[in-house]
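For reference, the structure is listed below as structure tokens.
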Amino acid sequence: MLGNFTYSNPTRLYFGEDALDGLNKELPNYGKNILLTYGGGSVKKSGLYDEIVKILKANGKNIIDLPGVMANPTVEKLYEGCKLAKENNIDLILAVGGGSVCDYSKAVSVSAYCETDPWDKYFLKMEDVDNKIIPVGCVLTMVGTGSEMNGGSVITNHEQKLKIGHVFGDNVFPKFSILNPTYTFTVPQYQMVAGFFDIMSHIMEQYFSNADDNTSDYLAEGLMKSLITSSRIAVKNPKDYEARSNIMWTATWALNTLIAKGKSTDWEVHMIGQSVGAYTNATHGMTLSAVSLAYYRTIMNAGLKKFARFAVNVWGVNPEGKSDAQLADEGLKALEAWMKEIGVVLNLKELGVTTDMYEGIADGTFLLEGGYKKLTREEVIEILKASM
Ligand code: NZQ
Ligand code: ZN
């Protein structure tokens, strides 16, 4: 294990078909004023909104409604939430939705009492929080990001053409998250599989680094195998509880800081994907699937042994008589076959990328050093071209 580290995760999880009962246990810990954040309407359609309002009222809470948190939440929406939170002296932000609503709620929680521009402070300058933080709780309805048990918050600034994530410390993690796999049954297939690939990408971003024999990598392999097995079932039958519950749990563990411990991590696919998102507003997981194969083919030789291990341990490729290069290649082919099987987007054109965007997307892509190879700006452009 690399270096020294601290591990603690303060998010209490309530998991399973009766998970919403957990809300009754949590609410007495907070004051009266609840900011209820949600998206474009799926929670009203499913009836979950009414159920939650009923529980809040039964617990004597004042509800301040904040609808319309869009997929890939914007900085303008953040400012709106900050104003509302401050004006209403909010005691708890309750996020009901997917990663976007959870991320957004964390952004509001650190920004409402921020005396300078939060976009500038947290997303451009990456400064730490030094003001009051409003606690956040989540009721998750869409699986993928891990936002339910981490400090990540990704905000898009369309004017500046930047989509940036700040990974806050555990003082910003949700205090609790309600994970009921049946809530994810209504997620449209496109979003569902985008979420599956997002999970896979989170694990790969943390797996493809270092050459040591690290426990975190074994955990990552187990999570990938569970995801692959369950995703194959879920694409055919989205209401398969066992598959969807396994995937929900896998997504949480894929990005709740555990498998990053004792190693460096990559995150370059996310850097490219986020920049693509800033230009296209495309679905997060699809921005990752569209560029991943070209990216991994670009860096494969720099981490050959790990890519060979990926082929054997994750995809069950038979290693007999094969070189590391052959195995690594077969591993990426197996990844590609799975991506086709679950139906993720494999090219940027489909997401609305045009050739005149290459330069801007490359400019908005942060070049990181934690993976097997630090890319150059030219290599980013080559990856974009190869992903069209
Ligand atoms: O807005 P509504 O009507 O609720 O519809 C949403 C939205 O259109 C819909 N949806 C969610 N749950 C549903 C449902 N539709 C029917 N039934 C349900 N049960 O799905 C659409 C997408 O939701 P969204 O929350 O945007 O998806 P996701 O969970 O993938 O979140 C994406 C955001 O998270 C960020 C991404 O960049 C993106 O902004 N990320 C956050 C991370 C973190 N916190 O650590 C890491 C990730 O890498 C990612 O960057
Ligand atoms: Zn992601």
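In each ligand, atom 1 is the first atom listed, and ligand 1 is the first ligand listed.
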Near H270, which atoms of ligand 1 are under 4.0 Å from a heavy atom of that residue?
-> 48 (O)
Are H202 and ligand 1 in contact, using a heavy-atom cut-off of under 4.0 Å?
-> yes
Do V143 and R244 have side chains that get closer than 4.5 Å, going by heavy atoms?
-> no
Using heavy atoms and a threshold below 4.0 Å, how should the contact between T145 and ligand 1 be classified: side chain, backbone, both, or neither?
-> both
Correct closest heavy-atom pair for M126 and I164 would be CE-CG2, 3.4 Å
Could you list the atoms of ligand 1 found under 4.0 angstrom from a heavy atom of P188?
-> 15 (N), 16 (C)
At a 4.0 Å threshold, what atoms of ligand 1 neighbour a non-hydrogen atom of G40?
-> 1 (O), 2 (P), 3 (O), 4 (O)
Is the charged tip of K132 near the ring of Y113: under 6.0 Å from the six-membered ring centre and within 45° of its axis?
-> yes
Backbone or side-chain N or O of A71 under 3.5 Å from ligand 1 N or O | no
Contact (N/O only, under 3.5 Å) between Y183 and ligand 1 | yes
Do S226 and W249 meet the criterion of a side-chain donor-acceptor pair at a distance under 3.5 Å?
-> no
Within the 2.8 Å cut-off the protein N, O or S neighbours of the Zn ion (ligand 2) are D198 OD1, H202 NE2, H270 NE2, H284 NE2
